[in-house]
Protein chains: 2
Amino acid sequence: MLGELGEQGADTVSSDELAAATGVNPAKLRKDLSYIGSYGIRGVGYEVSALTHQLERVLGLNHRQAVALVGIGNLGHALAGYGGFDGRGFPVTALFDVDPDLVGIHINGILVQDVAAIPEVCRARDVTIGMITTPGPAAQGVCDLLVEAGVRCILNFAPVVLQVPGEVEVRKVDLAVELQILAFHVARRNLTGGDPESNGHVVNGAGGLKP
Amino acid sequence: MLGELGEQGADTVSSDELAAATGVNPAKLRKDLSYIGSYGIRGVGYEVSALTHQLERVLGLNHRQAVALVGIGNLGHALAGYGGFDGRGFPVTALFDVDPDLVGIHINGILVQDVAAIPEVCRARDVTIGMITTPGPAAQGVCDLLVEAGVRCILNFAPVVLQVPGEVEVRKVDLAVELQILAFHVARRNLTGGDPESNGHVVNGAGGLKP
DNA sequence: CCGTGTGAACCCCTTCACAGCT
DNA sequence: AGCTGTGAAGGGGTTCACACGG
């Protein structure tokens with residue numbers, strides 16, 4: 001959001017404005033920002049460019065990180081061609097699959113190589129993040145290869161819980177689960193008969209089950 | 001995980017087994033399950049099939065829900081062809097885009113139609129969930145059309161915060177943000193010099209910033 | 001006067017530990 | 001003997017409200 005504001009030529013933002021734009025509580029926003037230091041100006045707000053730079057520094061976004069993508073199925077193919085990653089500092093630098101029909105082709109100018117080459121190629125290209133878009137059963141094996149290659153961060157789209165050493169960070173994205181969560185809210189709403197709870201800005205809200 | 005266990009022929013599971021398999025605290029698992037009723041057997045565990053059915057009922061997964069997908073770019077194309085949705089009860093039933101070159105083609109046997117047809121088609125096919133995979137600037141307009149069509153649940157992949165009426169539920173998935181979160185953990189680890197915190201089973205952990 | 005920064009209250013989720021059932 | 005179900009303790013994030021500074 002700060003990036004957007006910067007492009008629009010805004011010099012400063014107040015926590016209230018930023019909170020409204022992102023759907024967050026203003027107090028929480030200020031408190032969170034305060035943890036990285038006092039970069040706001042009382043009575044005015046935050047200087048957009050200064051805050052952006054500070055955040056990038058603290059969040060580790062100030063240098064690009066090469067990404068390897070394993071599993072060139074439907075989803076993998078799409079992610080390999082997705083411009084959003086490179087634009088945000090995460091260039092997709094290596095592609096892997098087991099299928100001999102896929103190995104050798106290029107996507108967006110990047111060669112698809114056999115998974116056996118993961119350790120060597122990832123080290124050579126300084127890959128720090130791996131994305132797994134294989135079928136479930138193949139995911140753990142691929143994960144092990146990535147770890148062997150020194151990759152410490154893994155974004156897992158396969159519907160399995162990966163076992164990794166402690167120094168490796170795994171995040172799991174399960175798109176079908178996202179739909180299930182939405183379905184749950186439908187079910188709950190039909191059950192309770194439309195509670196007048198939320199209004200206008202619900203993003204990933206909780207919604208308990210307790211009576 | 002229960003579905004998997006059922007296919008493997010397991011009759012019962014203990015909370016400890018289930019917790020280990022899913023990477024969750026056993027007590028939390030029991031407490032959560034207790035909210036939907038007492039379907040466990042003391043000294044034995046949970047009957048897999050019974051628990052599965054109860055969960056499906058409570059979570060609203062016992063009947064299929066039609067999904068509409070708007071924005072047939074890289075990601076949209078992949079999701080339209082992704083088998084994981086239909087397999088979990090969320091058949092992709094309608095596809096939309098603005099691009100005249102895309103309107104008229106079929107993906108997985110489903111016709112791509114113009115976004116202007118959203119209200120009519122979604123009502124006709126009883127679509128309850130909408131997925132938005134358009135570029136950011138187009139997302140709000142598409143969202144409005146879906147809401148007009150009576151869609152109450154939206155899964156948003158576009159990097160914008162959608163404005164919706166209170167009765168509509170929005171979940172946002174930002175894949176670049178997922179990578180940023182991983183990047184943050186790298187940065188933090190490099191900063192603190194490898195704290196001996198996590199071990200073996202970290203999935204979507206928090207990791208604060210406070211001193 | 002306005003908006004940040006923050007102590008304190010609050011709330012809720014998480015985890016422990018064990019009573020109770022099979 | 002084993003495992004569920006849960007009261008109670010604990011911890012941590014969220015929100016309030018206001019002092020402080022521009």
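So you know, we letter chains A, B, ... as the sequences are listed, proteins then strands, and number each from 1.
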Does the side chain of [X] get closer than 4.0 angstrom to OP1 or OP2 of [N] through an N or O atom?
X	N	result
Y46(A)	dG5(C)	yes
S15(A)	dT4(C)	yes
K28(A)	dT14(D)	yes

Who passes salt bridge (Lys or Arg N to Asp or Glu O under 4.0 Å) against [X], sequence neighbours left out?
X	value
D11(B)	none
R125(A)	none
R88(A)	D174(B)

A27(B): side chain to side chain contact (heavy atoms under 4.5 Å, CB included) partners, not counting sequence neighbours: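 Once residues adjacent in sequence are excluded, the partners of A27(B) under the side chain to side chain contact (heavy atoms under 4.5 Å, CB included) criterion are N25(B), R30(B).
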Which pairs, protein N/O on one side and nucleotides 20-22 of chain C N/O on the other, fall under 3.5 Å?
{"unit_1": "dG20(C)", "atom_1": "N3", "unit_2": "R42(B)", "atom_2": "NH1", "d": "3.3"}
{"unit_1": "dT22(C)", "atom_1": "O4'", "unit_2": "R42(B)", "atom_2": "O", "d": "3.1"}

Distance-only donor-acceptor check, side chains T12(A) and E47(A), under 3.5 Å: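 No donor-acceptor contact under 3.5 Å links the two side chains.
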Rounded to the nearest angstrom, tell me the gap between atom [atom1] in [X] and atom [atom2] in [N].
X	N	atom1	atom2	answer
E47(A)	dT4(C)	CD	P	14 Å
L18(B)	dG2(D)	CG	P	20 Å
D32(A)	dT4(C)	CG	C1'	14 Å
D16(B)	dG2(D)	CG	P	12 Å
Y35(B)	dG5(D)	OH	P	13 Å
L29(B)	dT6(D)	CG	P	15 Å
I36(B)	dT6(D)	CD1	P	12 Å

Sequence neighbours excluded - side-chain hydrogen bond (donor to acceptor under 3.5 Å, both in side chains) pairs with any residue from residues 140-149 of chain B: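 Non-adjacent pairs meeting side-chain hydrogen bond (donor to acceptor under 3.5 Å, both in side chains): Q140(B)-D144(B).
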Contacts of N108(A) that satisfy side chain to side chain donor-acceptor pair (under 3.5 Å) - sequence neighbours left out: none
Set of residues satisfying side chain to side chain donor-acceptor pair (under 3.5 Å) with respect to Q180(A), sequence neighbours excluded: none
Atom pairs, protein N/O to nucleotides 16-18 of chain C N/O, distance under 3.5 Å:
{"unit_1": "dA17(C)", "atom_1": "N6", "unit_2": "R30(B)", "atom_2": "NH2", "d": "3.2"}

Heavy-atom closest contact (F96(B) atom, A68(B) atom, distance):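 Heavy atoms only, the tightest pair is CE1-CB, 4.1 Å.
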